[in-house]
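Worksheet: one structure, shown below.
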Amino acid sequence: QNDISYAILHSTKRWMERYVYLNEGRDILVVANLYGVPGAGTNNPRAKATNEFILNHAIQRLIKSKFPYLIIGDLNTDPDDSEVIGEALREDFLVDIAKRFHSNPTPTFRQGGPYEGMAGKGTTRIDAALANHMASAMITDIEYGWKMGSPDHVPIIIHCQRSNLA
């Protein structure tokens, strides 16, 4: 790949991008899994700055993509607390999928185990799905895998419909 964002993201070992072929290979959905820097959502300025740097490059890949593009993963920061994500949302470069379907998205992390309806201290929404408009058009719903047995994160299940591809 002859792309600086690709090279930077690849070097972090916190990001992986894969092409998912749909509709017998006629359509492509690019799925990027991102694992944010631990501590980025706390009062750790270095972790936050590094995480914002990584998020910026991941969002650059999403913006430049000619295909439906989805960033998913444990961002280690609430999307509402990220300046980079906030700017991309304001500029209409991406869609926060949880907010598309729920005006007040549920927290996705709780140390000690997630449970449906969790709120308050120790809970946060650090897991997210961010999409360009082409990918967002494919997504018909999201749900949370409360019964999937994760030790501290609730999985986000994304429902897509290929026929929604432009």
Side-chain angles (χ1 to χ4, degrees), residues 9-10 12-25 27-42 44 47-48 50-52 54-55 57-59 61-62 65 67-82 84-86 88-89 93-165:
L9 290 164
H10 184 73
T12 69
K13 307 219 184 311
R14 308 190 81 70
W15 170 88
M16 182 185 317
E17 182 181 88
R18 294 294 179 257
Y19 285 49
V20 178
Y21 294 92
L22 307 168
N23 200 14
E24 297 178 2
D27 298 310
I28 295 172
L29 170 64
V30 182
V31 179
N33 184 264
L34 178 68
Y35 177 54
V37 177
T42 65
N44 182 333
K48 183 172 179 64
T50 303
N51 205 53
E52 289 288 290
I54 293 169
L55 284 167
H57 284 286
I59 291 169
R61 296 283 299 166
L62 176 146
S65 180
F67 301 106
Y69 195 105
L70 179 64
I71 298 170
I72 56 173
D74 173 358
L75 307 182
N76 268 312
T77 190
D78 187 313
D80 292 336
D81 296 335
S82 168
V84 171
I85 293 172
L89 288 166
F93 290 133
L94 62 84
V95 177
D96 180 337
I97 297 301
K99 283 198 168 180
R100 184 175 149 221
F101 291 97
H102 306 282
S103 59
N104 187 21
T106 187
T108 58
F109 173 83
R110 179 179 171 273
Q111 195 165 7
Y115 59 88
E116 194 165 359
M118 65 184 183
K121 186 176 172 140
T123 64
T124 186
R125 184 172 80 100
I126 60 175
D127 305 283
L130 307 170
N132 65 12
H133 289 283
M134 290 181 286
S136 179
M138 296 173 57
I139 298 170
T140 58
D141 198 9
I142 66 163
E143 64 180 297
Y144 299 93
W146 297 109
K147 296 180 180 165
M148 294 180 83
S150 173
D152 48 16
H153 297 261
V154 62
I156 300 170
I157 302 163
I158 298 170
H159 298 271
C160 295
Q161 188 170 5
R162 293 182 308 208
S163 63
N164 290 350
L165 283 170

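None of these values were measured; they are calculated from a predicted model.
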Got a second to check how far [X]'s [atom1] is from [Y]'s [atom2], nearest 0.5 Å?
X: W15; Y: L55; atom1: CH2; atom2: CG; result: 13.0 Å
X: D96; Y: R125; atom1: CG; atom2: CZ; result: 4.0 Å
X: D141; Y: F101; atom1: CG; atom2: CZ; result: 5.5 Å
X: M138; Y: L29; atom1: CE; atom2: CG; result: 4.5 Å
X: K99; Y: L89; atom1: NZ; atom2: CG; result: 7.5 Å
X: I126; Y: T77; atom1: CD1; atom2: OG1; result: 8.5 Å

With heavy-atom distances below 4.5 Å as the criterion, would you say the side chains of [X] and [Y] are in contact?
X: I72; Y: I156; value: no
X: H153; Y: P114; value: no
X: L9; Y: E17; value: no
X: Y21; Y: I28; value: yes
X: F67; Y: Y69; value: no
X: T124; Y: P107; value: no
X: N132; Y: L62; value: yes

Determine the minimum heavy-atom distance between [X] and [Y], stating which atoms define it.
X: A131; Y: I97; value: CB-CD1, 3.8 Å
X: N76; Y: D74; value: N-OD1, 3.0 Å
X: E52; Y: V84; value: OE1-N, 2.9 Å
X: N33; Y: G73; value: ND2-CA, 4.1 Å
X: I59; Y: A88; value: CG2-CB, 3.9 Å
X: S136; Y: V95; value: OG-CG1, 3.7 Å

Just by modelled atom types, is the [Y] backbone N or O under 3.5 Å from a matching donor or acceptor in the [X] side chain?
X: T123; Y: G120; answer: yes
X: E143; Y: I157; answer: no
X: N51; Y: L75; answer: yes
X: R14; Y: L34; answer: no

Taking only residues two or more places apart in sequence, or in another chain, which ones meet D81 in a salt bridge (charged side-chain N to carboxylate O under 4.0 Å, His left out)? none

Using the six-membered ring wherever Trp is involved, compare the ring planes of H102 and Y144 and label them parallel, tilted or perpendicular (cut-offs 30° and 60°). tilted

